[in-house]
Amino acid sequence: MVKKKKKTKVAPRSRKSKPKPKPKPKVRKTRAVKKPAVKKVPGKVRAASARPAKARAVKAPAAESTARRATEIATELMATISAEVAAQAAPANLGLTSPVPVAWLADEAGRELALDSLAAWVVSTLQAAQDDASARQTLRVAIETFYDIREAAQQPRGEYAGHFFIVDAVGLGESNRPVPWQVLAETVSQDRLDRFSALFEEAVREVS
C-alpha cells in the first residue's frame, strides 16, 4: 500500500503593504530669460541667415548692344572734333549783318551817325561774344562796315580801321565819340582785350 503524504500546512502569506514611492524632489522652474529685441536700424543690412540666399544671376550685356554703344560714342566724339576743327578753320556764320542802314551813307551827317552807331555796336557785340568765333565774325562785319562808310565818302577801302576802333575813333572827320577799345578796356579783362586785339589783326588781313 502506498502511504499518503501528509499535507503540510502552509501559513497564509501576510499581505505586506507595498512601499510608497518616495516623493520626487521639487525642481524650481527657472524663468526663461528673454533676449533683448534687436532694433532695426534703417540702412543697415540684416545678418545673413543660416541658409545662404541664392545669388541672383546678373545678365551680362549682350555683345551687340555693347558694340552699338561704342559705335555711338565714337561717332559723337568725331562729330565734336570735326566741329572744333571747322570753328578754328573758318569764322562761324552767326548771321551778323551791318548795323548801319545804307540810307545813312548818302550824306556827311548820315555817315558820321553811321560811325557813331558802328562804334557802339562793336563794343556791345564783343562784350556779349561767348567765344573766338563770335568775336572774329563781329570784327569782320565791323571792319567791312567801316570800309563801306569810307567808300561812300569817296575814300579808299582798307585804311584806318585800327585808328578808328583802337586809337582815336576818327573815321572821316574830327569827332569826340568814345573809342571802342577804350570802352572795352573798362568793361572786360585785360586777357580778353588782348585776345580781341589779336583777332582784330586777323580780321583786318582777311577783309583787306
Side-chain angles (χ1 to χ4, degrees), residues 69-208:
R69 181 56 185 155
T71 303
E72 292 175 357
I73 293 174
T75 303
E76 293 174 0
L77 182 60
M78 289 302 297
T80 303
I81 294 173
S82 300
E84 291 178 354
V85 172
Q88 294 175 2
N93 182 12
L94 304 177
L96 292 177
T97 57
S98 172
V100 175
V102 178
W104 290 5
L105 308 184
D107 53 36
E108 183 179 352
R111 288 189 289 269
E112 289 298 327
L113 179 61
L115 290 171
D116 290 343
S117 178
L118 178 61
W121 177 84
V122 74
V123 169
S124 61
T125 311
L126 284 177
Q127 288 173 339
Q130 300 295 321
D131 49 32
D132 283 359
S134 302
R136 186 182 289 108
Q137 184 70 7
T138 298
L139 292 170
R140 284 176 60 91
V141 172
I143 294 168
E144 288 176 350
T145 303
F146 176 73
Y147 290 161
D148 291 342
I149 297 170
R150 281 183 55 82
E151 190 175 44
Q154 288 77 46
Q155 298 295 325
R157 296 179 70 89
E159 295 180 352
Y160 300 110
H163 283 274
F164 176 77
F165 291 103
I166 298 175
V167 180
D168 54 16
V170 174
L172 294 170
E174 293 297 326
S175 172
N176 61 354
R177 70 176 60 91
V179 181
W181 244 242
Q182 291 180 3
V183 178
L184 286 171
E186 298 174 357
T187 56
V188 301
S189 65
Q190 185 61 47
D191 290 342
R192 196 174 181 197
L193 185 64
D194 292 342
R195 185 57 183 158
F196 289 158
S197 298
L199 293 174
F200 182 86
E201 295 298 330
E202 292 179 10
V204 167
R205 290 192 297 270
E206 292 172 359
V207 173
S208 300

- prompt: So Arg136 and Leu139, side-chain contact (heavy atoms from CB on, under 4.5 Å) or not? Walk me through it.
  reply: CA-CA 5 Å; Arg136 186 182 289 108; Leu139 292 170; 6.0 Å; no
Validation: residues 155-163 side-chain donor-acceptor distances under 3.5 Å, sequence neighbours left out:
from, atom 1, to, atom 2, distance (Å)
Arg157, NH1, Asp148, OD1, 2.7
Arg157, NH1, Glu151, OE1, 3.0
Arg157, NH2, Asp148, OD1, 3.3

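- Distance check, rounded to the nearest 0.5 Å: CD of Gln137 to CG of Leu199 gives 12.0 Å.
- Gln190 CD to Leu184 CG: the interatomic distance, rounded to the nearest 0.5 Å, is 11.0 Å.
- Residues Thr187 and Val183 share a closest heavy-atom pair of OG1-O, 3.2 Å.
- Between Leu126 and Arg192 the shortest heavy-atom distance is O-NH2, 3.3 Å.
- From Phe164, atom CZ reaches atom CG of Leu172 across 9.0 Å, with rounding to the nearest 0.5 Å.
- Annotation for Glu108: atom CD does not count as buried by contact number, only 12 or fewer foreign heavy atoms lying within 6.0 Å.
- Checking Asp131 against Ser134 by side-chain atom types alone, a donor-acceptor pair falls below 3.5 Å.
- Note that OG of Ser117 is 8.0 Å distant from CD1 of Ile149, once rounded to the nearest 0.5 Å.
- Within the model, atoms CD1 of Ile143 and OG1 of Thr138 stand 11.0 Å from one another, a figure rounded to the nearest 0.5 Å.
- Under the 4.5 Å side-chain criterion, counting only non-hydrogen atoms from C-beta, Leu118 is in contact with Phe165.
- A donor-acceptor pair under 3.5 Å links the side-chain atoms of Gln130 to the main chain of Ala128, judged by distance alone.
- When all heavy atoms of Ala169 and Arg177 are compared, the closest pair comes out as O-NH1, 2.7 Å.
- The two residues Thr125 and Trp121 make their nearest non-hydrogen contact at OG1-O, 2.7 Å.
- Classification of the Phe196-Trp181 ring pair by plane angle, with boundaries at 30° and 60°, yields perpendicular.
- The shortest non-hydrogen separation linking Leu105 to Arg111 is O-NH1, 2.9 Å.
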